[in-house]
Amino acid sequence: MLSASHPLHATAGTGQARERTKAGGGAMEALLPGEVHDLSLEVQGKRLIDGVNLRITGGQITVVMGPNGAGKSLLLRLLHGLIAPTTGDISWAGRQLTEAVRSRQAMVFQRPVLLRRSVAANVDFVLKLRGIGSAERRDGILEHARLSESANQPARLLSGGEQQRLALARALAMEPGVLFLDEPTASLDPASTLLIEEMVRTAHGRGTKIIFVTHDIGQARRLADEVVFLHRGQVQEHTSAEEFFAAPNSDAARDYLAGRILL
Ligand SMILES: Nc1ncnc2c1ncn2[C@@H]1O[C@H](COP(=O)(O)OP(=O)(O)O)[C@@H](O)[C@H]1O
Ligand SMILES: [Mg+2]
């Protein structure tokens with residue numbers, strides 16, 4: 001856990017950011033709710049994200065589902081400020097997507113992003129950025145990711161599942177208020193997938209807001225407290241997982257859940 005005297009992020013510029021230096025619930029309060037108004041993204045005349053309105057609150061794991069090409073990855077990138085929308089706006093706790101806000105968010109991609117260094121050095125790098133590097137802290141993080149045995153190996157020699165656990169461990173070492181995950185287990189086997197899900201659940205329990213993209217219905221059932229169902233760049237449903245799986249409102253979601261391919 002962070003002590004209140006540690007800056008959460010070395011470059012957290014505002015007093016507001018500095019106030020919320022405690023881990024857990026405090027981190028969550030710092031960025032929520034996320035509010036999205038009339039968001040659209042047009043590329044070469046194609047409307048890839050089409051009039052999305054969303055309010056993202058804390059307390060639940062939010063799973064974004066939808067078929068391939070629905071716009072899930074684009075929506076996540078917009079929410080994290082990696083790309084700029086054509087219209088509309090996004091705010092986190094009333095603040096625009098400034099660097100200070102973005103630095104309180106983290107993202108994990110389908111393909112793990114790692115440094116060409118040892119497993120331990122990958123974690124040390126992040127901790128040092130935050131000014132809280134210590135062998136003890138790093139070892140705890142590696143243990144949580146079940147990577148203690150591989151600490152001194154080059155990260156690139158890890159299996160796919162291990163690499164993704166390391167990528168997730170690095171993201172969590174930032175103690176982000178919001179963590180975006182874009183199909184992080186899409187190329188992993190079932191056992192590796194479950195380990196990632198366990199880490200995600202633990203992070204959620206510690207107060208990090210989880211926004212998890214998957215096209216895997218089984219995974220969504222395991223993880224989701226609420227579902228945002230996206231189809232053709234539009235939010236078709238935003239509802240509790242219970243309601244979504246029991247009685248989806250839209251034809252698109254019904255077809256998707258029934259395994260009928262959507263185009
Ligand atoms: N940079 C881009 N330029 C043009 N079209 C894109 C670009 N990125 C994604 N698309 C298109 O936008 C749609 C949504 O993409 P994406 O968000 O990656 O879908 P998903 O993640 O749901 O599978 C797809 O039809 C894709 O081909
Ligand atoms: Mg995608």
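Sequence positions, counted from 1, serve as the residue numbers for this chain. Just so it is clear, the model here is predicted, and its values are computed rather than measured. Atoms within each ligand, like the ligands themselves, are counted from 1 in listed order.
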With a 3.5 Å cut-off and no angle check, do the side chains of [X] and [Y] form a donor-acceptor pair?
X: D182; Y: S73; result: yes
X: E226; Y: T62; result: yes
X: Q105; Y: H80; result: yes
X: Q219; Y: T185; result: yes

From the options K72, R77, R47, select the one whose nearest heavy atom is closest to atom 22 (O) of ligand 1.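 Looking at heavy atoms only, K72 sits closest to atom 22 (O) of ligand 1.
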Does [atom] have any protein heavy atom closer than 4.0 Å?
atom: atom 26 (C) of ligand 1; value: no
atom: atom 2 (C) of ligand 1; value: no
atom: atom 19 (O) of ligand 1; value: yes

Could you tell me, atom by atom, which parts of ligand 1 come under 4.0 Å of a heavy atom of [X]?
X: P67; answer: 22 (O)
X: N68; answer: 23 (O)
X: L74; answer: 8 (N), 9 (C), 12 (O), 14 (C), 15 (O), 17 (O)

Look at atom 14 (C) of ligand 1 and say which protein heavy atom is nearest, naming residue and atom and giving the distance to 0.1 Å.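 Here the nearest protein heavy atom works out to G69 O, 3.3 Å.
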Looking only at protein heavy atoms, identify the closest one to atom 5 (N) of ligand 1 and say how far it is in Å.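 In this structure, atom 5 (N) of ligand 1 has L48 CD1, 3.5 Å as its nearest protein heavy atom.
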Tell me, please: is G233 in heavy-atom contact with ligand 1, that is, under 4.0 Å?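 Contact check G233 vs ligand 1: negative.
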Does ligand 1 have an atom that lies less than 4.0 angstrom from a heavy atom of G66?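 No, G66 has no heavy atom closer than 4.0 Å to ligand 1.
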With a heavy-atom distance limit of 4.0 Å, tell me whether V43 approaches ligand 1 through its side chain, its backbone, both, or neither.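 Side chain only; the backbone of V43 stays clear of ligand 1.
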Is the closest N or O pair between K46 and ligand 1 shorter than 3.5 Å?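 No, there is no polar N/O contact under 3.5 Å.
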Are the side chains of [X] and [Y] in touch, meaning some heavy atoms are under 4.5 Å apart?
X: I210; Y: V63; answer: no
X: L257; Y: I217; answer: yes
X: Y256; Y: P67; answer: yes

Has S73 got an N/O/S atom less than 2.8 Å from the Mg ion (ligand 2)?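 Yes - counting backbone and side chain alike, S73 has an N, O or S atom under 2.8 Å.
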Is any NZ, NE, NH1 or NH2 atom of the basic residue among E198 and R165 found under 4.0 Å from an Asp or Glu carboxylate oxygen of the other?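 R165 and E198: not salt-bridged.
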CD of Q153: more than 12 outside heavy atoms within 6.0 angstrom?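 Yes, enclosed.
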